[in-house]
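Everything on this sheet refers to the single structure shown next.
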Amino acid sequence: MYTFSNRLKITSYILMAVGFIFLASGFWSAPSTVEEAKAIVAASHGDDHGGDHAVDAAHGEEHATVAESHANDHNETAESGHSSSHDEHLLHQLQNRPWSALYVAAFFFFMISLGVLAFYAIQRAAQAGWSPLLFRVMEGITSYIVPGGIIVFVILVLSTLHFNHLFTWMDADVVAHDKLLQGKQGYLDPTFFLIRAAIFLGGWIFYRQYSRKLSLAQDKSDDNSNFKKNFRWSAGFLVFYLISESMMSWDWIMSLDPHWFSTLFGWYVFASMFVSGITVIALVTIYLKSKGLLPEVNDSHIHDLAKFMFGISIFWTYLWFSQFMLIWYANIPEEVTYFVTRIEDYKLPFFGMLALNFLFPLLVLMNSDYKRVNWFVVMAGLVILFGHYMDVFNMVMPATVGDQWYLGVPEIGGILFFAGLFIFWVFTALTKEELTPKRNPFIEESKHFHY
């Protein structure tokens, strides 16, 4: 049975402590008045990045029309009637920054566990023969769905209570002056929003807990009834997952830009969480194997995980390009604004994310031999994870902080805190049971998996 090493446990504590301090400092330094907001912009963006933006903080403003937003992007002679609302919007953007850093990191680590849960359910439903040796690793990672989901839900609740301005459609004053949002009030309703979130989380957590229970019961039983029951539940769960994951992506991410929508967005978010989850399975498996655990996991298992990392990275790129190309080619103003704001104000994270998530896996993981080299897979995995963190960053930040962004103390704090919590929770869960299933019908096939 795996024992949580003191070194790793202390590391997770340090990460959480440092991350909490960084996050707290981000909230502490957030402005409380318009004057403070202007002073912060003047002090931190005196260069070309922000000098012009201090005058025009309304760029990308959700509750303005798209045409007005871009026509007034760098207009230093805006009407005085708009200046006060622009200043207020600037204040909200800067106040949103620590909240956005918290939300991006919380969602990123939660989506890793949710991606692993989908991969686990697919392996169960497909009755795959190569992967049972990795089931305990997957179950350990999916244990984070409980704390991770609760944290995300709490942030959503606080948003509905107006502790932040992440979701502009939750502001009654904004909706009162926006006919488009008024037409969406039936769906974008704070109470209904939280009910949907509770249903999604409840379904995901229930399946994870029940499937884990059946998995452990199978080890102690003298027949395959628990295995068969797990197969049926997993197949049914995948139907629920595909529907709930798509709706979750609309609610928790796409509604940050309530004027914009994409029919591909659910798949796009799924691809990001799926490849991130598989990458973490590979990293945790390699770590445990390096400690003398999982001795029967061989290079072929690692090779298969790396193949999935490569393949889903290409799938993610296909979805990214399909979404981008169709919107760019159609050139419909209310659609292209999503990419215009990101290309104009987020050039480095936007195109850097594309390089990390497509070009790097394509060039590095294409060779079959490299997929069997553990340190090479770890290096590629860390880059892929950072790339998909930046993907979430690009999805959230332009809608919540506009052009008042940079990777600083709150963002680093969010990564450190949730990385520490993730490590602590996952590796604690791995100590609960033996890492190798005993009575899975395909365990011998998994042990002798070679090609």
Side-chain angles (χ1 to χ4, degrees), residues 37-38 40-42 44-79 82-83 85-97 100-101 104 165-166 168 180 253-262 264-265 268 317 320-359 387-408 411:
K38 289 182 176 179
I40 290 174
V41 171
S44 60
H45 296 288
D47 54 9
D48 291 338
H49 172 73
D52 293 334
H53 298 297
V55 177
D56 179 27
H59 179 70
E61 185 175 356
E62 284 302 331
H63 52 78
T65 65
V66 174
E68 290 173 342
S69 177
H70 291 287
N72 293 303
D73 187 17
H74 295 287
N75 184 6
E76 298 182 1
T77 60
E79 295 180 7
H82 290 152
S83 62
S85 63
H86 290 182
D87 292 341
E88 189 73 17
H89 187 64
L90 173 63
L91 174 63
H92 290 170
Q93 286 180 332
L94 294 177
Q95 289 176 334
N96 274 345
R97 189 175 163 226
S100 299
V104 168
H165 304 276
L166 297 180
T168 56
L180 184 61
I253 303 295
M254 195 163 68
S255 76
L256 294 168
D257 287 284
H259 286 169
W260 180 82
F261 65 91
S262 167
L264 269 178
F265 198 74
Y268 178 77
T317 307
W320 182 91
F321 178 76
S322 298
Q323 183 172 257
F324 176 80
M325 185 271 293
L326 290 174
I327 291 174
W328 171 80
Y329 186 77
N331 200 28
I332 300 173
E334 58 266 29
E335 292 183 356
V336 298
T337 182
Y338 182 86
F339 288 106
V340 168
T341 56
R342 283 153 179 80
I343 292 174
E344 287 186 354
D345 298 327
Y346 288 74
K347 280 187 176 64
L348 180 59
F350 183 77
F351 291 108
M353 171 269 296
L354 188 60
L356 293 175
N357 293 339
F358 169 54
L359 294 179
H388 284 282
Y389 169 84
M390 293 309 301
D391 188 18
V392 179
F393 184 91
N394 280 307
M395 287 190 275
V396 173
M397 287 293 185
T400 57
V401 304
D403 56 4
Q404 306 300 324
W405 72 271
Y406 52 93
L407 287 174
E411 291 77 15

Could you measure the distance from the [atom1] atom of [X] to the [atom2] atom of [Y]? Nearest 0.5 Å is fine.
| X | Y | atom1 | atom2 | result |
| --- | --- | --- | --- | --- |
| F350 | D391 | CZ | CG | 9.5 Å |
| M353 | L348 | CE | CG | 11.0 Å |
| L354 | T317 | CG | OG1 | 6.5 Å |
| E344 | T337 | CD | OG1 | 9.0 Å |
| E335 | Q323 | CD | CD | 10.0 Å |

Just by distance, do the side chain of [X] and the backbone of [Y] share a donor-acceptor pair under 3.5 Å?
| X | Y | value |
| --- | --- | --- |
| R97 | E411 | no |
| N96 | T400 | yes |
| N394 | R342 | no |
| W405 | D345 | yes |
| Y346 | G402 | yes |

For D257 against M395, the heavy-atom pair lying closest together: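 So the minimum-distance heavy-atom pair works out to OD2-O, 4.2 Å.
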Nearest heavy atoms of S322 and L264, plus distance in Å: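 Answer, listing the atom of S322 first, then L264: CB-CD1, 3.6 Å.
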Aromatic ring pairing W320/F324, orientation class (parallel under 30°, perpendicular over 60°, tilted between):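 Geometry flag for F324 against W320: parallel rings.
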Parallel, tilted or perpendicular: rings of Y338 and W260 (30°, 60°):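 W260 vs Y338 ring planes: parallel.
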Heavy-atom side-chain contact between L407 and M390 under 4.5 Å: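 Yes, close enough: below the 4.5 Å cut-off.
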Minimum side-chain heavy-atom gap H388-V392 below 4.5 Å: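 Counting from C-beta outward, H388 and V392 never come under 4.5 Å.
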